[in-house]
Q: 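What follows is a single structure, and I will ask about it in a moment.
Along the sequence shown, residues are numbered consecutively beginning with 1.
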Amino acid sequence: MRSSTARSVRAGLATEHLLDLLLVYTIRSWMTETTSGSWPGALGDPVTAAALRAMHSTPAAPWSNDRLAAEAGVSRPTLARRFTTLVGRPPMAYLTWWRVILAATLLRDTKETLAAIASRVGYGSPYALSHAFEREFGTTPGRYRAHVNAGQGCDVVTSRRSATRPPHMPRS
């Protein structure tokens with residue numbers, strides 16, 4: 001009877017450790033995949049990581065594919081190919097997305113004017129920001145701010161171009 005209990009305990013421990021190993025193996029496998037939109041892959045690639053760092057550190061800079069490629073130390077086609085493969089969208093599309101995400105955050109968290117926000121995130125005019133914001137999220141910055149300021153929940157509208165939504169925007 002005693003050896004039966006001991007075997008049962010050992011079997012339970014072995015099963016527990018096997019499940020731990022399976023989880024570790026699954027996570028490692030997922031992290032090493034280089035499928036489209038794989039953030040670990042993107043951040044592990046020196047070219048893509050350099051472009052992302054540049055865009056995130058100064059989003060309002062007048063970035064172009066040429067400038068980003070120079071920042072990453074590669075040709076424009078090399079940057080475009082690697083960035084698109086690893087991030088899931090081309091560099092300029094990513095920059096647009098990042099800028100409107102920053103704008104949504106500023107609209108939500110500050111009382112700055114649309115013109116001031118447009119300048120901070122890299123748009124030459126409030127109209128250009130509004131156009132990009134509406135194209136990406138399906139609502140204007142003014143409606144977004146009014147809705148957020150009214151305290152109408154923190155669910156968000158699905159982006160028209162991606163699965164990303166501006167922070168704290170309800171579904172339509």
Side-chain angles (χ1 to χ4, degrees), residues 30-31 34-74 76-172:
W30 175 77
M31 295 286 286
T34 55
T35 59
S36 179
S38 170
W39 280 105
L43 296 175
D45 177 62
V47 170
T48 304
L52 285 168
R53 259 191 317 278
M55 286 187 271
H56 282 253
S57 66
T58 53
W63 293 113
S64 65
N65 283 319
D66 288 331
R67 280 192 68 199
L68 284 170
E71 189 79 22
V74 295
R76 194 179 68 227
T78 298
L79 172 68
R81 183 179 61 254
R82 287 169 75 167
F83 193 98
T84 302
T85 298
L86 295 170
V87 174
R89 61 177 83 193
M92 292 297 101
Y94 177 85
L95 179 61
T96 297
W97 171 82
W98 179 238
R99 285 174 171 173
V100 295
I101 290 294
L102 292 174
T105 302
L106 291 168
L107 287 164
R108 183 191 68 218
D109 296 343
T110 72
K111 298 286 185 206
E112 290 185 53
T113 65
L114 190 58
I117 292 171
S119 177
R120 280 184 64 179
V121 300
Y123 286 94
S125 71
Y127 174 78
L129 170 58
S130 185
H131 182 73
F133 196 96
E134 188 166 10
R135 188 176 61 241
E136 188 72 28
F137 299 121
T139 190
T140 65
R143 275 184 263 167
Y144 171 75
R145 178 178 262 172
H147 190 84
V148 170
N149 287 341
Q152 297 178 350
C154 59
D155 197 5
V156 289
V157 168
T158 302
S159 168
R160 292 179 177 183
R161 308 182 99 194
S162 69
T164 308
R165 299 174 249 180
H168 304 292
M169 185 69 185
R171 291 184 199 279
S172 33

Q: State the OG-CG distance between Ser125 and Leu114, to the nearest 0.5 angstrom.
A: 9.0 Å
Q: Quick one: pull up NZ in Lys111 and CG in Asn149 and give me the separation to the nearest 0.5 Å.
A: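 One gets 4.5 Å once the value is rounded to the nearest 0.5 Å.
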Q: Would you say Arg82 and Asp45 make side-chain contact, with heavy atoms under 4.5 Å?
A: yes
Q: Does the side chain to side chain contact (heavy atoms under 4.5 Å, CB included) test come out yes or no for Trp63 and Thr58, once each step is laid out?
A: CA-CA 9 Å; Trp63 293 113; Thr58 53; 3.3 Å; yes
Q: Could you tell me if Arg135 and His131 have a donor-acceptor pair between their side chains, going purely by distance under 3.5 Å?
A: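 Arg135 and His131 do have a side-chain donor-acceptor pair below 3.5 Å.
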Q: Taking side-chain hydrogen bond (donor to acceptor under 3.5 Å, both in side chains) as the test, write out the residues that go with Asn65, two or more places apart.
A: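 By the side-chain hydrogen bond (donor to acceptor under 3.5 Å, both in side chains) rule, Asn65 matches no residue at all.
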Q: Do the non-hydrogen side-chain atoms of Pro59 and Leu102 ever get within less than 4.5 Å of each other?
A: yes
Q: Can you find a pair of side-chain heavy atoms, one from Phe133 and one from Leu107, that are under 4.5 Å apart?
A: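 A side-chain contact under 4.5 Å exists here.
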Q: Tell me if the centroids of the rings in Phe137 and Tyr144 come within less than 6.0 Å of each other.
A: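 That pair fails the under 6.0 Å test.
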Q: Are Glu136 and Arg99 close enough, and set up right, to give a side chain to side chain contact (heavy atoms under 4.5 Å, CB included), and what steps lead you there?
A: CA-CA 11 Å; Glu136 188 72 28; Arg99 285 174 171 173; over 6 Å; no
Q: Just by distance, no angles: are the side chains of Ser64 and Arg67 close enough, under 3.5 Å, to form a donor-acceptor pair?
A: no
Q: With a 4.5 Å cut-off on side-chain heavy atoms, are Arg120 and Glu112 touching?
A: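 Side-chain contact under 4.5 Å: yes.
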Q: More than 12 heavy atoms of other residues, nucleotides or ligands under 6.0 Å from CZ of Arg76: yes or no?
A: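 No, the 6.0 Å shell around CZ holds no more than 12 heavy atoms from other groups.
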Q: If you apply the rule side chain to side chain contact (heavy atoms under 4.5 Å, CB included), what do you find for Met92 with Leu68, and how did you get there?
A: CA-CA 10 Å; Met92 292 297 101; Leu68 284 170; 3.3 Å; yes
Q: Find out whether Thr84 and Pro91 are in side-chain contact, i.e. whether some heavy atom of one side chain is under 4.5 Å from a heavy atom of the other.
A: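 Yes, side chains in contact.
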Q: Taking the basic N atoms (NZ, or NE/NH1/NH2) and the acidic carboxylate oxygens, is any pair closer than 4.0 Å for Arg53 and Glu71?
A: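 No, Arg53 and Glu71 are not salt-bridged.
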Q: Below 30° counts as parallel, above 60° as perpendicular, anything between as tilted: where do the rings of Phe83 and Tyr94 land?
A: perpendicular
Q: Let me confirm one number: the CE-CG distance from Met55 to Leu52, rounded to the nearest 0.5 Å.
A: 5.0 Å
Q: Quick one: are Ile117 and Thr110 in side-chain contact, heavy atoms under 4.5 Å?
A: yes
